[in-house]
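Residue numbering restarts at 1 for every chain, and letters A, B, ... go by the order of the sequence lines. Computed from a predicted structure; not experimentally measured.
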4 protein chains.
Amino acid sequence: MQTLKEDVRQSILRAALREFKSHDYTDASMRRIASEAGITTGNIYRYYKNKEELFEALVKPVYEKLIEYVLNLKKELDRSYTGGNHGLKYLNMVEDTVIGLFDAYSAELTILMNRSAGSKYVQVKSDMVKLIATIMEDVFTSGRDNADKLTIQQRQSALMLAGTVVEGICLILREHEDGETVKRLVNEFIFLYYLGNEHRFTP
Amino acid sequence: MQTLKEDVRQSILRAALREFKSHDYTDASMRRIASEAGITTGNIYRYYKNKEELFEALVKPVYEKLIEYVLNLKKELDRSYTGGNHGLKYLNMVEDTVIGLFDAYSAELTILMNRSAGSKYVQVKSDMVKLIATIMEDVFTSGRDNADKLTIQQRQSALMLAGTVVEGICLILREHEDGETVKRLVNEFIFLYYLGNEHRFTP
Amino acid sequence: MQTLKEDVRQSILRAALREFKSHDYTDASMRRIASEAGITTGNIYRYYKNKEELFEALVKPVYEKLIEYVLNLKKELDRSYTGGNHGLKYLNMVEDTVIGLFDAYSAELTILMNRSAGSKYVQVKSDMVKLIATIMEDVFTSGRDNADKLTIQQRQSALMLAGTVVEGICLILREHEDGETVKRLVNEFIFLYYLGNEHRFTP
Amino acid sequence: MQTLKEDVRQSILRAALREFKSHDYTDASMRRIASEAGITTGNIYRYYKNKEELFEALVKPVYEKLIEYVLNLKKELDRSYTGGNHGLKYLNMVEDTVIGLFDAYSAELTILMNRSAGSKYVQVKSDMVKLIATIMEDVFTSGRDNADKLTIQQRQSALMLAGTVVEGICLILREHEDGETVKRLVNEFIFLYYLGNEHRFTP
DNA sequence: CATGAATGAGCTTTCATTCAT
DNA sequence: TATGAATGAAAGCTCATTCAT
């Protein structure tokens, strides 16, 4: 064979998935992954150069898709900043992003968002938060002409909303495996944010 | 002497607070805590049997208060389930609980909610979530006579909402030290949930 | 106590000395050093941060002295390049350097010169060789006006002579512990090189 | 088939040669040898039981020739100890030995002398040294009737000279591949020793 | 015969915990 | 009580060697 045994590679990935689902990158143990995969510690290193690479093998594909989606989102955002409340539209784009990624890589997305502490992917969450915060700020200033009039409190609120949206989505990802359920819950969740904001100033 | 001992105990707790604020239970280092407290590694074990107990010393008081408040909340809930939409009222009680605890134990609450991974307090969050989920279910069934008519989807939604509320509050606690800011953001956050739900069925 | 137990530190150094005398840096084993020192593996790291630092603790002092001596040698060399055969004089300076260093750090010098492979001190030997090669070239061109007339063969010879001088001295260091013996043998050895070269062209 | 096998054996040896030229026995890697030889890791063990045997396969032929030459040298030495300074003659025999072996097995000789650390051939060098030391002692006592009058210092000097000769030759072997260059440098080097000793007592 | 996946003992290093003083 | 040196198990990783296919 040219390639290493595909079933072993699969069981390593499966075991790694389980391990990283329940431990942060730092706390995950190669020994445990190996034994869970039914192989010896050393053998894992024939398949993945080291812990970082094993983690990356799981998480990089989603990460790259995420970046791609996020860049599109940003472009869309910049293109149409001419006014009008596009809050729901943007939030829907966020939702589509999540759902799209989840369809292809449910567990991996979960790990990327929840277990990267200690790896080089730590900043992913806060990157997402920053992006979504700009969306939120856009929501706040909708209809008005410039955004730099935001008070420091409004900026804090935007960051909070962005942070809680991200955390909320992460939670849903963590707790559910079924795609349909995830979709429905993310949809409800995002819609809640939309409605909440919609009626903020018009009670 | 007792006096001296109390001094030391206090500086251990102070140091532990700082350590656990920035590290998960597993990643926190007893050595660092000792040296930050200005004592020796071994001496820490005269005051606390082990890492778990030290963590507990920090976190148990808030935990117990939390339980207490939560039981009250529950009682209130059970007592007045006779109808009418009390969603906001209950959410306000949750908010009051958080704010109340935060006033007395800001850092400890933050730690309890955010850094318990690896300790026996991991489940606190999910306990909270379960409780709040019952509140959410109450919101859903407001005006109707019994709650066991909830579909499985509704139950999932309630759990999701509860989970995201808790995660959101945890995030706010994690990111802010200033009491006023925490209050304002938690209030906004809770209000968002209220409004979001309020207009759910009346768009 | 402020400092770690000095006798343990000494026995670690003693054990490390033994280990590094018989193994290259890479092949030396911390476990063996620890057990030879009569302590546990982990305990070594209370005294030295890692293998590199333990090696350095042994070898850095000699290394710095060596650099110092060598810079002096170089200065002397550059200052008096006006001609006349100073071969013996320079070789005597090399000898003095070796003897001086050996008096203070016999084993350490041995290790520095013979066991650095794999550490950041690998190049020490070849640095020495290069320096001594310039001395040798000076010997070859003594009395003549410029050195760049040396043929490629002469340069090879100079490098060979320098290399063998260094290797010879390393050998003497490796095989003998007694200072007087080292002195005598290095002296004889250097003198041999002097005589050998002296009579090269005047048989 | 026998033919095929011989091919493989040859390419293993060729690869091992390259590996051992640049790494000590301990640091050489069977994996690298196999891959350099264009075969699989496991297959190497069909041809050579283990690392030691592979090393031996390379080095034993030279080793045995070396022993043979050395025994001859010794015989010659014993036969003609009746007086007269035969120093140069003997040193020339040493030189002839080296050159002769080098002609037939350049790389293997280099490896035997320079890379045996960790294998069972470590002592080869010191064997050589011991033999050459007896030559040196003969040089010292030339013209006098018996050798056991040598002082301990003289014996040490003889050992030193022998050791440095051997180290010097090893160095030349290590640094040069070209046969002519090796010959010239070894010749110069040996001649240096001859001259140096010649004029020792007749300055 | 050959393959290359698998083994297992070894490596350096870290850290909660213990214990002689 | 307090000290801080010592322990020992665990981590990530490497590599000569074995063995099922």
Are A:Tyr45 and F:dC15 close enough that a side-chain N or O sits under 4.0 Å from OP1 or OP2? no
note: B:Tyr47, atom OH; F:dA2, atom C1'; distance rounded to Å ~ 8 Å
Ignoring backbone atoms, establish whether D:Asn50 has a side-chain N or O less than 4.0 Å from OP1 or OP2 of F:dA16. no
Please tell me if the side chains of B:Ser116 and B:Tyr25 come closer than 4.5 Å, counting only heavy atoms from C-beta onward. no
With a 4.0 Å cutoff (strictly under), does any side-chain N or O of A:Ser29 reach OP1 or OP2 of F:dA11? yes
Classify the side-chain pair A:Arg115/A:Tyr121 by whether it contains a donor and acceptor separated by less than 3.5 Å. no
Closer to the 5' end of DNA chain E via nearest nucleotide, is it A:Val8 or B:Thr41? A:Val8
Check the surroundings of atom CD in B:Glu177: do more than 12 heavy atoms from other residues, nucleotides or ligands lie under 6.0 Å from it? no
From the list E:dA6, E:dT3, E:dA16, which nucleotide is the closest neighbour of the side chain of D:Thr40? E:dT3
Partner nucleotide, any strand, of E:dT21 [Watson-Crick/G-U, under 3.5 Å]: F:dA2
Report the distance from atom CD of C:Glu53 to atom C1' of E:dT13, rounded to the nearest whole Å. 13 Å
Take the protein atom CE of D:Met30 and the nucleotide atom P of E:dA6, then report the distance between them rounded to whole Å. 21 Å
Residues B:Arg14 and B:Glu36 bridged, charged N to O under 4.0 Å: no
Any ion pair linking B:Glu52 and B:Lys120 (charged N to carboxylate O, less than 4.0 Å)? no
Of A:Ile44 and A:Arg31, the one whose nearest nucleotide on DNA chain E sits closer to the 5' end is A:Ile44
Judged by each residue's nearest nucleotide on DNA chain F, which is more toward the 5′ side, D:Thr26 or A:Glu52? A:Glu52
Can you identify which nucleotide, out of F:dA6, F:dT17, E:dT7, has its nearest atom closest to the A:Asn43 side chain? E:dT7
Hey, does the side chain of C:Lys51 come within less than 4.0 Å of E:dT13's phosphate (OP1/OP2), counting only N and O? no
Take atom CZ of D:Arg9 and atom P of E:dA2, then tell me their distance rounded to the nearest Å. 11 Å
Identify, between D:Arg46 and D:Asp27, the residue whose nearest nucleotide on DNA chain F lies closer to the 5' end. D:Asp27
